[in-house]
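Below is one structure, written out as structure tokens; the observations come after it.
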Amino acid sequence: MSEQFIFQAETRQLLNILIHSLYTEKEIFLRELISNASDALNRLQFEMLTNDEVVDGQADLEIHIELDDEAKTLTISDTGIGMNRGEIIAGLGTIAKSGAKAFIEAMQDKPADAAAIIGQFGVGFYSAFMVAKQVDVVSRSFRPEDEAVKWSATGGANYTLETVERDARGTAVTIHLKDDEEEFTRGFRIKDIIRRHSDYVAFPIYVGDDEEPTNKQQAIWRRAPAEVEAEEYDSFYKMLTMDFTGASHHIHMRADVPMQFYALLYIPGSGQQNMFSPRTEPGLKLYARKVLIEEYNRDLLPEYLSFMQGVVDSEDLPLSVTRESIQATRVMASLKKTITRRVLSELKRLAKNDRDKYLAIYQEFGAFLKQGLVIDTEDRRDLEPLLFFQTTHDDDPRAFYSLDEYVERMSENQDDIYYVVADDYASGARSPHLDVFRQRGIEVLYFTHAVDAMLPMGLVDFKGRKLVSVDSADLNLEDVGDVSDEVEEPTAALTTDSFAALTARVKATLGGRVSDVRESKTLLGSPARLVSEDESANRYMYRINRLLDKDYELPVKALELNPRHPLMHNLSGMIAGGGDGALVGAVVEQVFETALLQDGIHPDPSSMADRLTLLMQAATGSASADLDFADVKSVISEPTVADAPQIDLGDLEIENASPPDER
């Protein structure tokens, strides 16, 4: 006797969308049902490793598709784990756990992308209603004590359940096709769909009375690389990830010693999150002796390679009694080490032999590698050759150079590697810190990626060459490089007394916002710069805290003034002549905040607008006495805390979601 149940509200809405909307790829329902059958077989295969009491334990693990042109039905059956009454209600009567709301919202935004969206949200079974006027599911669990049950629905508000007789373990899904969907009763059509969408399912798929499976069945990663065509690699990647733009590169590994394993890894073509991908978490598919153990294993690669997609299959991996837990053994550690070394080796090969291809990958995933340099210091020497930077070498923002190339071009008497931290290439190129480096022909690396501020914590030196920031207080370049012959003669410097009066006035105005005010030995065309007296590796911690939206205090730096700059001469003259004190104070404030802005650390640049307006009025002829500078306050208050708050770098996670554009 059958019982009637009411679908969950969201399920009814989902069914309505699937039934009454038109899609160009209705065939994807077969891909989804075959995928479900494969999952059921995988789960049973694992269960049989530890459980001897399985219904029909000698039955082959396979998928059958039966076609009935006269009855207009298509049946997909498997010998998998099966379902009991409670599991059918939970699995087919409600899909709250499958993300129905998110699916419905995605469908409303992009209805044309149904083929990809269905796979993402785990609602693949319901795609059958795109072609079915009724769907029957008969299933028997692998547990001997469970009864077989039949589930039926027409896509309306209700479904029915009844207990039935079934000797065989597994599930059979019978689709009663709509009148205009008879194409799905034709064997050649079904086989074509299987070859395009399900060719690498690990279990044989038989259509009708065929004695040979339609799919290749042998996992692509277990085949010899020489036997696999480029189109097959591409097809498998798209099936694995639903990323139909394709991968940028693949790495196919096979090894027999010291352990036997197979792996096929892909570098995605884009670092942007693919909202339609069924791969919703970082991690590799892990198989043990062809049995899927984990959908998302994060222990096979370090976190900085978490953008990789793919499959690892080991013959030597010992398992615990539960599917979710893998024994932490030397085998697992050795497997991770071997795979990681191979990936890094391949990246280095690309960087050396196919620079354009590597740089395209680096633009998408370089942030991950930089994170690894800081967090996984044991891999530092392998990661350093993978770093590329824009530099002052040719002032071309499209050009990136390795650290080795920088070292090869180092100037005469140059011992250190210099870098400038900036928000982007343009602001870095305009930095006043670069004045003396350009004058002497010394190359500087641009650290302009959002995560580059943490690089000095891991990249302290390279091949014995210390990395030094261009804003270091004790910078001494007198004997480094060659001064350009084209450099104009500088304006005469302020006298000692005049400069002393100037620095005293600046100190009085800025107070504790600067640690010191002094003469610059490096500035040429710029009036001032801020220098860091903190030479510790975490000197840019405030930038990292800002990146993570954490509270931070601006660092207190020393302000260096250029005694030869016309602005300093003018300001000194105003001070000596008893000029408008408010105007002098406004200029000093503006010099300081401009230096903050040039370093990319001004907390609120728009706050300078009122002061700039008044300064322009003064410059264009208004009597300064008529301008009220007193009401124009600096937003840079004196610090209450000397040091920026510290963070745990372990919290700095860059998901495959989407690192910022490397440029």
Side-chain angles (χ1 to χ4, degrees), residues 392 411 413-414 416 418-422 427-444 446 468-484 486-535 539-540 554-576 584-585 587-602 636:
T392 59
S411 300
N413 299 326
Q414 181 180 349
D416 300 325
Y418 299 100
Y419 65 89
V420 58
V421 177
S427 59
R430 291 192 295 265
S431 172
H433 301 298
L434 297 185
D435 285 2
V436 69
F437 291 90
R438 288 204 170 97
Q439 181 199 42
R440 293 179 172 274
I442 304 170
E443 187 173 358
V444 176
Y446 288 114
V468 176
S469 175
V470 295
D471 73 341
S472 294
D474 58 353
L475 201 62
N476 186 352
L477 301 174
E478 289 184 3
D479 298 324
V480 182
D482 295 316
V483 177
S484 172
E486 299 178 3
V487 176
E488 296 181 5
E489 284 294 321
T491 304
L494 290 169
T495 65
T496 301
D497 290 343
S498 296
F499 190 74
L502 173 63
T503 56
R505 184 63 173 270
V506 173
K507 287 179 182 178
T509 302
L510 299 179
R513 287 174 285 170
V514 292
S515 61
D516 190 17
V517 179
R518 57 177 178 251
E519 179 182 353
S520 172
K521 303 297 184 184
T522 62
L523 286 172
L524 298 174
S526 302
R529 73 169 189 148
L530 289 167
V531 298
S532 297
E533 297 182 298
D534 175 13
E535 295 297 325
R539 63 192 296 182
Y540 298 110
L554 281 178
V556 178
K557 299 188 177 187
L559 181 65
E560 290 189 351
L561 303 178
N562 182 356
R564 294 176 175 80
H565 196 279
L567 177 58
M568 295 299 109
H569 277 266
N570 293 345
L571 196 56
S572 175
M574 289 183 67
I575 295 171
V584 171
V587 173
V588 171
E589 292 281 0
Q590 193 58 48
V591 168
F592 170 63
E593 292 196 30
T594 298
L596 287 173
L597 188 66
Q598 289 175 315
D599 276 2
I601 60 175
H602 197 298
I636 316 297

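Here, residue 1 is the first one in the sequence, and each next residue gets the next number.
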Requested in this report: May I have the step-by-step check of side chain to side chain donor-acceptor pair (under 3.5 Å) for Glu533 and Ser515, ending in yes or no?
Outcome: CA-CA 9 Å; Glu533 297 182 298; Ser515 61; 2.6 Å; yes
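- Here the CG-CG distance, from Leu597 to Leu530, works out to 11.0 Å after rounding to the nearest 0.5 Å.
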Result block: side-chain N/O donor-acceptor pairs under 3.5 angstrom for residues 428-436, not counting sequence neighbours:
from, atom 1, to, atom 2, distance (Å)
Ser431, OG, His433, N, 3.2
His433, ND1, Arg529, NH1, 3.1
His433, NE2, Asp599, OD1, 2.9
Asp435, OD2, Leu524, N, 3.2
Asp435, OD2, Gly525, N, 3.1
Asp435, OD2, Ser526, N, 3.3
Asp435, OD2, Ser526, OG, 3.3

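- Here the OG1-CZ distance, from Thr392 to Phe437, works out to 9.0 Å after rounding to the nearest 0.5 Å.
- Judged by distance alone, with hydrogens and angles left aside, the side-chain atoms of Ser469 form no donor-acceptor pair with the main-chain N or O of Ser472 at under 3.5 Å.
- Here Leu596 contributes atom CG and Leu554 contributes atom CG; the two are 6.5 Å apart, rounded to the nearest 0.5 Å.
- The salt bridge (charged side-chain N to carboxylate O under 4.0 Å, His left out) analysis of residues 471-481, with sequence neighbours excluded, yields the pairs Asp471-Arg539, Asp471-Lys557.
- For Phe499, the ring-ring contact (aromatic ring centres under 6.0 Å, His included) test picks out no residue, with sequence neighbours left out.
- The two residues Ala473 and Arg518 have their closest heavy-atom pair at CB-NH2, 3.5 Å.
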Query raised in the report: Under the side chain to side chain donor-acceptor pair (under 3.5 Å) criterion, do Ser498 and Thr495 qualify, and how do the steps go?
Result: CA-CA 5 Å; Ser498 296; Thr495 65; 2.9 Å; yes
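- Gln590 contributes no side-chain N or O that, together with a main-chain N or O of Val587, makes up a donor-acceptor pair within less than 3.5 Å.
- Between the side chain of Ser572 and the backbone N or O of Met568 there is no donor-acceptor pair closer than 3.5 Å.
- Side-chain contact between Val514 and Asp516: absent, with no pair of heavy atoms (C-beta onward) separated by less than 4.5 Å.
- In terms of heavy-atom proximity, Gln598 sits nearest to Ala528 at OE1-O, 4.2 Å.
- Contact between Ser411 and Val480 at its shortest, heavy atoms only, is CB-CG1, 4.5 Å.
- With Val506 as the partner, the side chain to side chain contact (heavy atoms under 4.5 Å, CB included) test is satisfied by one option alone out of Val584, Leu561, Val591: Leu561.
- To the nearest 0.5 Å, atoms CD (Glu589) and OG1 (Thr594) are separated by 11.0 Å.
- Taking all atoms of both residues into account, the shortest heavy-atom contact from Thr509 to Gly585 is CG2-O, 4.1 Å.
- When all heavy atoms of Val470 and Tyr418 are compared, the closest pair comes out as CG1-CB, 4.2 Å.
- The CD atom of Glu519 sits 11.0 Å away from atom CG of Leu502, with the distance rounded to the nearest 0.5 Å.
- Put simply, the side chain of Leu494 reaches to within 4.5 Å of the side chain of His569, judged on heavy atoms.
- Rounding to the nearest 0.5 angstrom, the gap separating the CD1 atom in Ile442 from the CD atom in Gln414 is 6.0 Å.
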